[in-house]
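Quantities reported herein were computed from a predicted structural model and do not represent experimental measurements. To find a chain, count down the sequence lines: A is the first, B the second, and so on, and within it residues start at 1. Below, each value reflects all heavy atoms present in this structure, side chains not excepted, and no hydrogens, waters or symmetry copies.
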Protein chains: 2
Amino acid sequence: MSHDTDIARSAELADALGAIALDSETAKHEQVRNRLIEVIELLQSGDRLPPERELAARFGVSRMTLRQAISGLASAGYVVRVQGDGTFVADPTISKSSELTGFSEDMAARGFRPSSRLLAISHVSAGAALGQELVISPEEMVFHLERVRMADGIPMCLETIDLPARLTPGLDQQPLDQSLYEILRAVYGIELFEADQVILPTVVNQEQADLLRVPVHSPALIVKRIGYDKKRRPIERAMSIYRGDRYDIRMTVRRNPT
Amino acid sequence: MSHDTDIARSAELADALGAIALDSETAKHEQVRNRLIEVIELLQSGDRLPPERELAARFGVSRMTLRQAISGLASAGYVVRVQGDGTFVADPTISKSSELTGFSEDMAARGFRPSSRLLAISHVSAGAALGQELVISPEEMVFHLERVRMADGIPMCLETIDLPARLTPGLDQQPLDQSLYEILRAVYGIELFEADQVILPTVVNQEQADLLRVPVHSPALIVKRIGYDKKRRPIERAMSIYRGDRYDIRMTVRRNPT
DNA sequence: TAGTGGTCTAGACCACGAC
DNA sequence: TCGTGGTCTAGACCACTAG
C-alpha cells in the first residue's frame, strides 16, 4: 500500500468523521456504530481504522462507548480487531452472518426483485401439532397462508405460514403479495426477533414441481421455522420449499460467537 | 412458582456462588462467565438470576465486568435480559446458535458417538479452482482426503477435504479416523475460527448411495465450506454430503446479532 | 519501545417494568 | 415508587504486535 494512498484515505476519513451531531433519542454507541459503517464503506477491505482513542475523541464519546460500537461491528463481521496492531475492515464475506431475514430481504440482498403470489389463505383452528408448536390451544384460530415467492418473477420457493389470528386480526385484508414481516411490523407492531430453523433435503412432488416450474423429483430444500418475538413468544410457523437449482443457503459461521 | 421453590433455589444459588477463587491467568469476565454457566445449569428455564449489582458484589468484580460476562451468555443464548425486570435462564433452544463445529462435536452434541473411515488420502497439486478458493498457487501441493463419517456406527456423511500441504506436513501419518479439527489444533497449532458455508440439496448417485447405505436418488444435503483461521487465512475446503433421512441442519437465527 | 486493542474499575444517570 | 437492566464516563493498567 503506497503512502499516497494512505494520505488519500486519511482525507476521506477526515471528511467522514467530521461534524458529528449526536441526537439524544438513540443510544450513543448506536449512533457511533452507524457513523462507523459509513466510514467503513468508504474504505477497502484490509484498511486500518484509526485507533480507538482517536475515534473516541473525534466522536466525543468515551473509549468504552466507542468500543461498544466497534464490538457490534466486529461480531457482525464488518471489521476484525487485532490486539497490538489495529482494527481492520473485513473482507466482504458471503453473508455478514446467519441472521434472521425474510424472503424479501434475502432476495433484495442478492440483487433480485422479490414478489409473491398468494395461493390461499384460510382462518382455521390450530389443531394439536400446530397448537403445540405455537404454544396455543388447539381450538384457537390461526391464519393459514400459502404463497409462491418469486425473484425477478421466477418462482423460487413455496411458503406455508401459520400465525395465531389473535395477534393479527384482519390479516386476510392485508396485501399479502408483499413482505409479511413488513406487514407484521407496520400494521401489528410485531417484530420477529429470533427463530429456530431446521433445514432438510427433499425432492418435489408433481404439484410442487408445477408451481416452481421445475421437473418432478427435482432436489429442493425444506426450511422449517418457528419465529419468536423478543420475549420468545411464538409468532409464526413457516415451512418453505426452495428449488435446489437456483437457490442455496449461505452463511458465515464462527467459533465461539461470544 | 411457589415461595418454597424460590427459597430452595436461593439456597442452591448461594452454594453455587460461594467461595470464588479467581486466578490471574484467565480474564475475569471469562471466569465469571464460566461460574455463571455452572449456576445456570442448577436452575430451570425461566428462573430469574440475581441482580447484576448483587452478582458483581458476590464475584468481587465491577458491574461492567459482570455485564461483559452476561452479555456473552445472552448472545450465546443461555439467558435473556429484560430491561426493568431481570435476567432469566433461557428456554433450551434447538441449538445455542449457528456455530462453527466439526462433525465430531456436532454428533457428540446430539448424543451420538462419532467415528470415521478414511477412504483415500492423496498429495496432489491444487489446480486452478481449488487454488483460487484457498488463495494458493495452482501448483502448490495439497492433501486431499475422503472420509465416511459415522454416528454410532451408522454412515451419516461423505466428506471431501483439501488442505494446503505446507500447513500440515505429514498429515498422512496422522490418525485420520479421528477429529481432523482436533489434529489441526493439537499437532499443527491451527485453530479454525470462521467458515463460509453454502448448503444445497441433491440426490445421491449410486456410489454415494452404497457408501451411505441409502437407496440411490435419495435426498441429501451438500454442505460446502471454506474454513479460515483468525486472520482469515484459508485453511481448508470441505464438501460434505449428508444423508437426508437421518440428518438435518438446525440453527437459531436472530435479528441484528449485535 | 511505542502504540495498539483488551480488560477493569467505581461510580453516575437513564429507561423500563412490576407493583 | 422502586428495582431492574441499559448506557456512559474518565481514567488505569495489561497483553500483544510491529518496527
Side-chain angles (χ1 to χ4, degrees), chain A residues 1 3 6 20 22-36 46-75 78-90 189 191 229-233 256 258, chain B residues 1 3 6 20 22-36 46-75 78-90 191 229-231 233 256 258:
Chain A
M1 190 167 301
H3 196 209
D6 281 356
I20 300 173
L22 297 175
D23 71 88
S24 56
E25 282 300 303
T26 323
K28 277 192 190 176
H29 70 85
E30 201 164 329
Q31 299 178 53
V32 170
R33 186 192 144 120
N34 292 332
R35 297 288 304 177
L36 282 172
D47 283 0
R48 183 198 304 271
L49 260 61
E52 295 181 351
R53 290 162 180 82
E54 183 185 327
L55 284 172
R58 293 235 203 194
F59 288 124
V61 299
S62 77
R63 189 174 158 223
M64 285 296 272
T65 302
L66 186 274
R67 276 180 62 75
Q68 191 174 358
I70 292 192
S71 295
L73 297 177
S75 79
Y78 283 97
V79 298
V80 177
R81 302 209 264 199
V82 182
Q83 183 175 150
D85 194 357
T87 301
F88 303 86
V89 177
E191 200 97 52
D229 69 4
K230 205 152 193 174
K231 297 189 172 170
R232 213 177 158 83
R233 289 178 297 218
N256 289 335
T258 297
Chain B
M1 190 170 298
H3 196 208
D6 282 355
I20 299 172
L22 297 175
D23 71 86
S24 55
E25 283 300 303
T26 322
K28 278 191 190 175
H29 70 86
E30 201 165 329
Q31 298 178 54
V32 170
R33 187 192 143 118
N34 291 334
R35 297 288 303 175
L36 282 173
D47 283 0
R48 183 197 305 271
L49 262 59
E52 295 182 351
R53 288 161 180 85
E54 184 185 326
L55 284 172
R58 294 234 203 197
F59 288 124
V61 299
S62 77
R63 190 175 157 221
M64 286 296 273
T65 303
L66 186 276
R67 277 179 62 76
Q68 190 175 358
I70 292 192
S71 296
L73 296 177
S75 80
Y78 283 96
V79 298
V80 177
R81 300 209 265 200
V82 183
Q83 184 174 148
D85 194 358
T87 301
F88 303 87
V89 178
E191 199 99 49
D229 70 3
K230 205 154 193 172
K231 297 189 172 168
R233 289 177 296 220
N256 289 334
T258 297

Next item on the list: Ignoring backbone atoms, test whether A:T87 places a side-chain nitrogen or oxygen under 4.0 Å from the OP1 or OP2 oxygen of C:dT4.
Entry: no
Check: Between C:dT4 atom C1' and A:E54 atom CD, what is the distance in whole Å?
Finding: 12 Å
Checklist line | Separation of A:L73 CG from A:T87 OG1 (nearest 0.5 Å) | finding: 10.0 Å
Note to self: So B:V32 and B:L55, do their side chains get closer than 4.5 Å, heavy atoms only?
What the structure shows: no
Next item on the list: May I have the distance from B:L49 (atom CG) to D:dT4 (atom P), rounded to whole angstrom?
Entry: 12 Å
Notebook entry, point to check: If you check the A:H29 side chain, which of D:dT7, C:dC8, D:dT4 turns out closest?
Noted result: D:dT7
Check: Out of curiosity, A:H29 NE2 to A:L36 CG, how far, rounded to the nearest 0.5 Å?
Finding: 12.5 Å
Next item on the list: Using a cut-off of strictly less than 4.0 Å, decide whether A:T65 has a side-chain nitrogen or oxygen near OP1 or OP2 of D:dT7.
Entry: no
Check: Considering only heavy atoms and no angle criterion, is a donor-acceptor pair shorter than 3.5 Å present between the side chain of B:R53 and the base of D:dG5?
Finding: yes
Next item on the list: Not counting sequence neighbours, which residues clear side chain to side chain contact (heavy atoms under 4.5 Å, CB included) with B:S62? List them please.
Entry: B:M64, B:T65
Margin query: If you only use heavy atoms from C-beta on, which nucleotide in C:dT9, C:dT4, D:dC8 is closest to the side chain of B:K28?
Written below: C:dT9
Margin query: Check the phosphate of D:dG6 against B:R67, side-chain N and O only, distance under 4.0 Å to OP1 or OP2. Yes or no?
Written below: yes
Item checked: A:K28 side, atom NZ; A:Q31 side, atom CD - distance, nearest 0.5 Å -> 8.5 Å
Next item on the list: Measure the distance from CZ on A:R48 to P on C:dT4 and round it to the nearest whole Å.
Entry: 8 Å
Next item on the list: Check the distance between D:dT9's P and A:L66's CG and give it to me in whole angstrom.
Entry: 10 Å
Next item on the list: First locate atom CG of A:L66, then atom CZ of A:R33, and finally report the distance between them rounded to the nearest 0.5 Å.
Entry: 13.5 Å
Margin query: From CD of A:Q68 over to C1' of C:dG6, roughly how many Å is that when rounded to an integer?
Written below: 15 Å
Check: In whole Å, what is the span from the CG atom of A:L55 to the C1' atom of C:dG3?
Finding: 15 Å
Notebook entry, point to check: What is the distance, rounded to the nearest whole Å, between atom CZ of B:R81 and atom P of D:dG3?
Noted result: 21 Å
Notebook entry, point to check: Can you name the residues that form a side chain to side chain donor-acceptor pair (under 3.5 Å) with B:D85, not counting sequence neighbours?
Noted result: B:R48
List, with names and distances, any nitrogen or oxygen atoms from the protein found under 3.5 Å away from nitrogen or oxygen atoms belonging to nucleotides 17-19 of chain D.
from: D:dT17; atom 1: O4'; to: A:G84; atom 2: O; distance (Å): 3.4
from: D:dT17; atom 1: O2; to: A:G84; atom 2: O; distance (Å): 3.4

Next item on the list: Could you give me the stems involving DNA chain D, meaning stretches of three or more consecutive Watson-Crick or G-U wobble pairs whose two defining distances are both below 3.5 Å?
Entry: C:1-18 with D:1-18
Margin query: Holding to side chain to side chain donor-acceptor pair (under 3.5 Å), I want the full list of residues that pass it with B:R53, two or more places apart in sequence or in another chain.
Written below: none
Note to self: Need to verify one output field. Residue with the more 5' nearest nucleotide on DNA chain D, A:R63 or B:E52?
What the structure shows: B:E52
Next item on the list: Using whole Å, report how far CZ of B:F59 lies from C1' of C:dT9.
Entry: 18 Å
Note to self: According to side chain to side chain donor-acceptor pair (under 3.5 Å), who are the partners of A:R67, at least two apart in sequence or on a separate chain?
What the structure shows: A:E52
